Amino acid sequence: MHAKELLEVERREIRALHYTWIAFFLTFYVWFNMAPLATSMLQTESYLTPDHIKLFLIANVALTIPGRVIVGMALDLFGPRRVFSILMVVMAIPTWFFAFGDSAMQLFVSRLFMSIVGAGFVVGIHMTALWFKPKDIGFAEGFYAGWGNFGSAAAAITIPTVALQFFGGDDGWRWAIALSGLLMALYGVAYWFLITDGPDVGTHKKSRKAGALEVSTWKDLWLYCLFIVPLYGVLGLLVYRTQAMGFLSATGAIIAYSVIVLMVIYQIYKAISVNVPMLKAGIPEDDKYPFKSVAALNVSYFANFGAELAVVSMLPMFFAATWKLDPTAAGLIASTFAFVNLWARPLGGYISDKVGNRRLVMLIYMFGIGIGFALMGMLNAEWPLFIAVVFTILCSVFVQGAEGATFGIIPSIKRRLTGQISGMAGAYGNVGAVFYLFIYTFVEPNQFFYIIAVGALIAWVVCYFWLAEPEDAFGDEYKMSSVDRQIAAEQG
């Protein structure tokens, strides 16, 4: 697939791709509508402090973690059209609560629920996989994700202007955020009628069990259970920080920790109850897949997308504080990190399609992320702003490319489980964001960049040993096992 084909809107799959990246764009626009307004919020709301903003940033990515897992399961049951439409409409509600909240607690709670909107990413990944063939999926997924991810850059560029210039006044930031939620809700209604789940009614394949991801061996089951723990356990960091900020009492914290433990136990129970009967019955050889590859992609997405979410959240403040810029200028310059999404992420997917070795492309990009963030860690006020922007763009090219390469692999691992695998890997991106933003509350920005660089290099090592090149990753059709055919027959 080539870039010029994106203009062939008479083709149904091309229209579906454009409808879907716009939906993703709007969810990201809403998701990141606070970061460029942080300075304005501090200036106009006397009850807010910089520590409040840091807490809101952690809350902004927290519930995306269970949200992406749950949405991934819903995708395999109900299909992406219904899930995406409902998500966009429902998530406008906490957006409006945040826009007009009048206390730090109201802003925190509404921001926490707003974080679920970040689950929209995995919906479009699944929709795109239904419309495109394996040989083209890297570019298609990369284009979808790249142009959709640009929503965060668009928010950084336009939100301050809308708030300060269009609405103006002390409440300008509130009306700008409320407007973003309205636009998303309206498009959510339109998306329901614009698209279908694939070219025909038989395209969407349901998994046998929606309660947990299917695995192929006993060893994979133990590894799967191990990887469930951080998905929910990382929320303990949010509880800790929330209690430290005075938003949660000691009793409330104990209750929250207990709920997290119960969530982990329940998800492990579901994983075991779903998989043990199938493993005892025996998994056909042609239906097996290596869960180690899923684990490697979880770790890599922790290190690349987790880094992007964390950096996009703090970059406007970093530029404003380091080079003494006003909010509009800082937001515009910081948007360069996400701006390259427009071409770098599709390029990562395109290279993954053309090189003929998706694993090799992933390893190159992950190594580049480590080098890029190490360069950003060297930045301070003595560096020319131009060089800082160059380093930011260079680092972002590798980050976005790695993300494109990640989801160029996922649809080929196990077709009928694409929703759940995407949901888990996507959730690990948010695990990374929560972890990194938690670390950010204790370190200086330069140290923060170095920590992210180390995380990327660790992910490179994991991918080197665990990530396997998927079968039929460049074919005209996805691999269909005997179980896939049996499920299709039962549902047909």
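Worth saying up front: this structure is predicted, and the values here are computed from it rather than measured.
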Chemist: More than 12 non-hydrogen atoms from neighbouring residues, nucleotides or ligands closer than 6.0 Å to CH2 on Trp96, yes or no?
Modeler: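 Counting neighbours around CH2 of Trp96, more than 12 heavy atoms of other residues, nucleotides or ligands fall under 6.0 Å, so yes.
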
Chemist: Going through the distances and angles, do Val431 and Phe227 end up as a side-chain contact (heavy atoms from CB on, under 4.5 Å)?
Modeler: CA-CA 11 Å; Val431 173; Phe227 268 80; over 6 Å; no

Chemist: Verify whether the ring centers belonging to Phe373 and Phe398 lie closer than 6.0 Å.
Modeler: no

Chemist: Provide the closest heavy-atom pair for Ser396 versus Val340 in the form atom of the first, atom of the second, distance.
Modeler: OG-CG2, 2.8 Å

Chemist: About how many Å separate CG of Asn275 and CD of Glu214, when rounded to the nearest 0.5 Å?
Modeler: 7.0 Å

Chemist: Does the Gln165 side chain pair with the main chain of Thr161, one donor and one acceptor, at a distance under 3.5 Å?
Modeler: no

Chemist: To the nearest 0.5 angstrom, please state how far the OH atom of Tyr19 sits from the CE atom of Met127.
Modeler: 12.0 Å

Chemist: What heavy-atom pair brings Gly455 and Ala303 nearest, and what distance separates the two atoms?
Modeler: O-CB, 3.8 Å

Chemist: State whether the side chain of Arg359 and the backbone N or O of Leu467 hold a donor-acceptor pair below 3.5 Å, judged by distance alone.
Modeler: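 Confirmed, Arg359 side chain pairs with Leu467 backbone.
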
Chemist: With distance as the sole test, does Asn60 use its side chain to make a donor-acceptor pair with the main-chain N or O of Trp31 at under 3.5 Å?
Modeler: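 Side chain of Asn60 to backbone of Trp31: a pair is present.
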
Chemist: Does the side chain of Trp466 reach to within under 4.5 Å of the side chain of Val299, using non-hydrogen atoms?
Modeler: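 No; the side chains remain at least 4.5 Å from each other.
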
Chemist: Is any side-chain heavy atom of Glu469 less than 4.5 Å from a side-chain heavy atom of Leu360?
Modeler: no

Chemist: Would you give the length of the straight line joining atom CG of Leu315 to atom CD1 of Ile333, rounded to the nearest 0.5 angstrom?
Modeler: 10.0 Å

Chemist: Indicate, with yes or no, if the rings of Trp147 and Phe150 have centres closer together than 6.0 Å.
Modeler: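 Aromatic pair excluded; centres sit 6.0 Å or further apart.
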
Chemist: Donor-acceptor pair, Thr406 side chain versus Ala402 backbone, under 3.5 Å?
Modeler: yes

Chemist: How far does OG1 of Thr44 sit from CH2 of Trp173, to the nearest 0.5 angstrom?
Modeler: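 Between atom OG1 of Thr44 and atom CH2 of Trp173 there are 6.5 Å.
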
Chemist: Just do the side-chain contact (heavy atoms from CB on, under 4.5 Å) check on His126 and Val83 with the steps written out, would you?
Modeler: CA-CA 11 Å; His126 191 59; Val83 174; over 6 Å; no

Chemist: Are the side chains of Met263 and Val259 in touch, meaning some heavy atoms are under 4.5 Å apart?
Modeler: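 With C-beta onward as the side chain, the pair touches.
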
Chemist: Give a yes or no answer on whether the side chain of Thr20 reaches the backbone of Leu17 with a donor-acceptor pair at less than 3.5 Å.
Modeler: no

Chemist: Would you give the length of the straight line joining atom CZ of Phe108 to atom NE2 of His52, rounded to the nearest 0.5 angstrom?
Modeler: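 Reported value, rounded in 0.5 Å steps: 10.5 Å.
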
Chemist: Of the non-hydrogen atoms in Val71 and Ala119, which two are nearest, and what is the gap between them?
Modeler: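 Heavy atoms of Val71 and Ala119 come nearest at CG2-CB, 3.8 Å.
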
Chemist: Show your working on side-chain contact (heavy atoms from CB on, under 4.5 Å) between Met114 and Phe97 and close with a plain yes or no.
Modeler: CA-CA 9 Å; Met114 273 184 69; Phe97 271 97; over 6 Å; no

Chemist: Is there a side-chain contact between Phe337 and Val399 in this structure, where contact means two heavy atoms from C-beta onward sitting under 4.5 Å apart?
Modeler: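 A side-chain contact exists here, since the closest heavy-atom pair is under 4.5 Å.
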
Chemist: Working to the nearest 0.5 Å, report the span between CD1 of Ile65 and CG of Leu231.
Modeler: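 Between atom CD1 of Ile65 and atom CG of Leu231 there are 7.5 Å.
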
Chemist: Heavy-atom distance under 4.5 Å between the side chains of Leu48 and Leu107, does that happen here?
Modeler: yes

Chemist: Between Glu45 and Asp102 (side chain of the first, backbone of the second, donor and acceptor by atom type, cut-off under 3.5 Å), is there such a pair?
Modeler: no

Chemist: Do the side chains of Val274 and Leu213 get nearer than 4.5 Å, heavy atoms only?
Modeler: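 A side-chain contact is absent here, since even the closest heavy-atom pair is not under 4.5 Å.
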
Chemist: Is the backbone N or O of Met314 less than 3.5 Å from a side-chain atom of Lys54, with the two atoms forming a donor-acceptor pair by type?
Modeler: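 Side chain of Lys54 to backbone of Met314: no pair is present.
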
Chemist: Taking C-beta and beyond as the side chain, do Thr27 and Val123 meet within less than 4.5 Å on heavy atoms?
Modeler: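 They are not in contact (no side-chain heavy atoms under 4.5 Å apart), so the answer is no.
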
Chemist: For a quick test of reading the model, state the closest non-hydrogen atom pair linking Met41 to Phe98 and the distance between them.
Modeler: CE-CZ, 3.8 Å

Chemist: Could you walk me through whether Tyr29 and Thr158 pass the side-chain hydrogen bond (donor to acceptor under 3.5 Å, both in side chains) check?
Modeler: CA-CA 10 Å; Tyr29 190 87; Thr158 63; 2.6 Å; yes

Chemist: Given Tyr289 and Leu417, is the side-chain contact (heavy atoms from CB on, under 4.5 Å) satisfied, shown in steps?
Modeler: CA-CA 11 Å; Tyr289 74 96; Leu417 303 177; 3.8 Å; yes

Chemist: Would a line drawn from the ring center of Phe25 to the ring center of His18 be shorter than 6.0 Å?
Modeler: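 No - the distance between ring centres of Phe25 and His18 does not fall below the 6.0 Å cut-off.
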
Chemist: Report yes or no: does Glu403 contribute a side-chain atom to a donor-acceptor pair with the main-chain N or O of Tyr301 at less than 3.5 Å?
Modeler: no

Chemist: I'd like to check Ile410 versus Glu141 (side-chain heavy atoms, cut-off strictly below 4.5 Å). Are they in contact?
Modeler: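 Result no, sub-4.5 Å side-chain heavy-atom pair not found.
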
Chemist: Under 30°, 30 to 60°, or over 60°: which ring-plane class applies to Tyr191 and Phe84, parallel, tilted or perpendicular?
Modeler: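 Correct class here is perpendicular.
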
Chemist: Between Ala405 and Met362, what is the shortest heavy-atom contact and its length?
Modeler: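 The pair with the smallest heavy-atom distance is C-CE, 3.7 Å.
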
Chemist: Counting only N and O atoms by type, is there a donor-acceptor contact under 3.5 Å from the side chain of Thr64 to the main-chain atoms of Ser115?
Modeler: yes

Chemist: At their closest point, which heavy atom of Met184 faces which heavy atom of Thr95, and how far apart are they?
Modeler: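 Scanning both residues, the minimum pair turns out to be CE-OG1, 4.5 Å.
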
Chemist: Between Arg174 (side chain only) and Ala163 (backbone N and O only), is there a donor and an acceptor less than 3.5 Å apart?
Modeler: no

Chemist: If you count heavy atoms of other groups shown closer than 6.0 angstrom to CZ of Phe100, is the number above 12?
Modeler: yes

Chemist: Taking CZ in Phe113 as the centre, count heavy atoms belonging to other residues, nucleotides or ligands within less than 6.0 Å. Is the count above 12?
Modeler: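 No, CZ of Phe113 has 12 or fewer neighbouring heavy atoms, counting only those of other groups under 6.0 Å.
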
